[in-house]
Amino acid sequence: MYQVNNIFIGLGSNLSDPIQQVLMAMEALQAIPEIAVVQKSSLYASPPMGPQDQPDYINAVVELSSDLSAHALLDCLQAIEQQQGRVRLRHWGERTLDLDILVFGEHEINDERLVIPHPGIIERAFVLYPLAEIAPDLIIPQFGHIVPLVQNCSRSGLNKINLDLI
Ligand code: ROI
């Protein structure tokens, strides 16, 4: 197995104490022997994309290195979602925890389980801004350098959270 660097995971929650959901998911990732958490973004609050009659989200991005395949990593992410009691009430609706593989090194994957790079990256401020915070030089396969992507994406009410105040 060889190590893949520049793996980026998006974290999101808007149910059951979202800040704790995201922090616990970061710890759960750190506890997996085949995964090294290289960087963690700040936490961000954002209004929902999708139906507006749901709570605001907490979002963050982490950078990993791992010798897992993308599909084995997805299995790990889904196990963490389940351990944290994932519920998802409706399509584009509220959820306890969402963990998405945004970027998997240079790899491009498109099959029934995974589309990588994640197609939502470029239109989602709650993904792009935390990603740019920790990887300002990132070049995303298919989408290019992160700087113009961020410049073309309105913040849409995204706010960095100061955890010292909580
Ligand atoms: N909206 C925000 N702000 N953050 C999310 O993580 C998020 N996740 C989703 C949908 C329902 C699209 N909306 C979101 O899956």
Side-chain angles (χ1 to χ4, degrees), residues 6-30 32 35 37-64 70-71 73-104 109-136 138 140-143 146 149-163 165-166:
N6 288 299
I7 302 170
F8 293 91
I9 307 295
L11 302 90
S13 169
N14 73 342
L15 287 179
S16 313
D17 199 345
I19 290 179
Q20 283 310 315
Q21 292 288 343
V22 169
L23 294 174
M24 282 170 55
M26 288 176 172
E27 285 178 19
L29 285 168
Q30 272 167 323
I32 297 172
I35 291 175
V37 176
V38 178
Q39 283 195 89
K40 300 184 241 181
S41 77
S42 305
L43 269 51
Y44 291 77
S46 61
M49 171 183 228
Q52 295 298 296
D53 60 334
Q54 57 178 320
D56 282 358
Y57 280 78
I58 299 298
N59 287 107
V61 170
V62 296
E63 178 184 353
L64 311 179
H71 291 86
L73 177 59
L74 179 64
D75 291 338
C76 290
L77 300 183
Q78 290 182 342
I80 294 169
E81 290 174 345
Q82 295 308 322
Q83 279 157 22
Q84 294 190 204
R86 171 168 167 131
V87 292
R88 189 179 142 197
L89 299 175
R90 51 182 165 154
H91 185 61
W92 278 45
E94 47 278 76
R95 65 268 320 271
T96 29
L97 182 61
D98 211 7
L99 299 175
D100 290 325
I101 304 176
L102 305 171
V103 173
F104 194 80
I109 302 170
N110 194 337
D111 64 27
E112 58 290 339
R113 286 189 79 198
L114 281 175
V115 182
I116 296 176
H118 194 292
I121 291 178
I122 52 171
E123 67 230 19
R124 297 185 177 182
F126 59 85
V127 172
L128 273 179
Y129 283 78
L131 186 58
E133 177 194 340
I134 60 172
L138 184 65
I140 304 172
Q142 295 169 34
F143 302 137
I146 190 153
L149 296 175
V150 174
Q151 282 167 350
N152 287 320
C153 184
S154 148
R155 277 189 83 93
S156 325
L158 185 77
N159 277 311
K160 200 187 273 198
I161 291 177
N162 183 345
L163 284 178
L165 301 178
I166 290 168

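For this chain, numbers begin at 1 and follow the sequence in order. Remember, predicted model here, so these are calculated numbers, not experimental data. Numbering of ligands and ligand atoms starts at 1, following listing order.
Considering Tyr57, Trp92, Tyr44 only, the shortest heavy-atom separation from atom 5 (C) of ligand 1 involves Tyr57.
Annotation: Met49 places an N or O atom under 3.5 Å from an N or O atom of ligand 1; distance criterion only. For ligand 1, the polar-atom distance check against Phe126 finds no nitrogen or oxygen pair separated by under 3.5 Å.
The side chain of Asp98, and not its backbone, has at least one atom closer than 4.0 Å to an atom of ligand 1 (non-hydrogen atoms only; side chain from C-beta on). Contact annotation for Pro47 and ligand 1: only backbone heavy atoms (N, CA, C, O) come within less than 4.0 Å of the ligand.
Close contacts between ligand 1 and Arg95 involve ligand atoms 15 (O) [criterion: under 4.0 Å to a heavy atom]. Below 4.0 Å from some heavy atom of Asn59 lie the following atoms of ligand 1, by number and element: 2 (C), 3 (N), 4 (N), 5 (C), 6 (O).
Here Glu94 pairs with Arg90 under the salt bridge (charged side-chain N to carboxylate O under 4.0 Å, His left out) rule; sequence neighbours left out. Shown here are the side chain to side chain contact (heavy atoms under 4.5 Å, CB included) partners of Gln78, two or more places apart in sequence or in another chain: Leu74, Glu81, Arg113.
Without hydrogens or angle criteria, Asn159 side chain to Ala45 main chain gives no donor-acceptor distance under 3.5 Å. In this structure, Gln54 contributes its side chain and Trp92 its backbone to a donor-acceptor pair below 3.5 Å.
Using a 4.0 Å cutoff on heavy atoms, Ser46 counts as a contact of ligand 1.
The residue from Leu23, Asp17, Val22 that alone fulfils the side-chain contact (heavy atoms from CB on, under 4.5 Å) condition with Ile58 is Val22.
Ile121 places a side-chain heavy atom less than 4.5 Å from the side chain of Val103.
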